Visitor: 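I'd like to ask some things about the structure below.
Nothing fancy with the numbering, it's 1 onward along the sequence. Predicted, not measured: the structure shown is a model, and the values here were computed from it.
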Amino acid sequence: MSRDLQNVYLNTKCKEKIWFVEGKECSEDQGKVLVIVGALYRLRSAGASWRAALAELLFSLGYKSTKAYPDVWICPAVTEFGMKSYEMLCVYVDDIMAVSSKARDAKQQVTEVVEDLFVEDDFDGGLKKK
């Protein structure tokens, strides 16, 4: 099961405080100070903010990042025959692929990640006016 996660940077909060003064393009708000709260694509720290948010979520779901490939996440599991195994999530920027001995478990893993990442009631987008 694989999935492309849409708008991941826009759904991730910045880990640092970034502000700027609005220019003449914003006629009525010109000169106001804005704080960027969403990790926008052009920010140098956007990728790091997204990866930190994803890592925090995957740790909470019981996954550990592998030492050889930090974007491959494993979680101990048991097969339908009672044998020990691992479930795996492979991540590349905003693409995620689940590998499991049970197809239903793979789909559930990806669904959990997507739902947990993109359900934030208190987050309203990229900018907050000061």
Visitor: Compare every heavy atom of Val93 with every heavy atom of Trp50, then report the nearest pair and how far apart it is.
Guide: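 Heavy atoms of Trp50 and Val93 come nearest at NE1-O, 2.7 Å.
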Visitor: Do Val99 and Tyr69 land in one hydrophobic cluster if side-chain heavy atoms of ILVMFWY residues count as linked below 4.5 Å?
Guide: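 Yes, same cluster.
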Visitor: Only one of Ile74, Leu58, Leu57 passes side-chain contact (heavy atoms from CB on, under 4.5 Å) with Tyr63; say which it is.
Guide: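 Among Ile74, Leu58, Leu57, the one that satisfies the side-chain contact (heavy atoms from CB on, under 4.5 Å) with Tyr63 is Leu58.
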Visitor: Kindly compute the distance separating CG (Leu89) from CG (Leu54), expressed to the nearest 0.5 Å.
Guide: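 Separation between the atoms: 8.5 Å.
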Visitor: List the atom of Gly23, the atom of Gln30, and the distance in Å for their closest heavy-atom pair.
Guide: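 Shortest heavy-atom separation between Gly23 and Gln30 comes out as O-CG, 3.6 Å.
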Visitor: Is there a path of hydrophobic side-chain contacts, each under 4.5 Å between heavy atoms of I/L/V/M/F/W/Y residues, joining Val78 to Tyr86?
Guide: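 No; tracing contacts between hydrophobic side chains, which count when under 4.5 Å, never links both residues.
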Visitor: Quick one, Leu34 and Glu22 - any side-chain contact, counting heavy atoms below 4.5 Å?
Guide: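 A side-chain contact under 4.5 Å exists here.
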Visitor: Output the distance between atom OG (Ser101) and atom CE (Met83), rounded to the nearest 0.5 Å.
Guide: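 Interatomic distance, Ser101 OG to Met83 CE, rounded to 0.5 Å: 10.0 Å.
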Visitor: Is the shortest heavy-atom distance from the side chain of Arg51 to the side chain of Val91 under 4.5 Å?
Guide: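 No, their side chains stay 4.5 Å or more apart.
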Visitor: Look only at the side chain of Ser65 and the backbone of Pro70, and say whether a donor-acceptor pair between them is shorter than 3.5 Å.
Guide: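 Checking the backbone N and O of Pro70 against the side chain of Ser65, a donor-acceptor pair under 3.5 Å is found.
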Visitor: For Cys90, which residues count as a side chain to side chain contact (heavy atoms under 4.5 Å, CB included) partner, sequence neighbours excluded?
Guide: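 With sequence neighbours excluded, Cys90 shows a side chain to side chain contact (heavy atoms under 4.5 Å, CB included) to Val72, Met88, Met97, given in chain and number order.
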Visitor: Might you point out which heavy atoms bring Cys75 and Leu61 nearest each other, and give the distance in Å?
Guide: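 Cys75 and Leu61 have their closest heavy atoms at SG-O, 4.4 Å.
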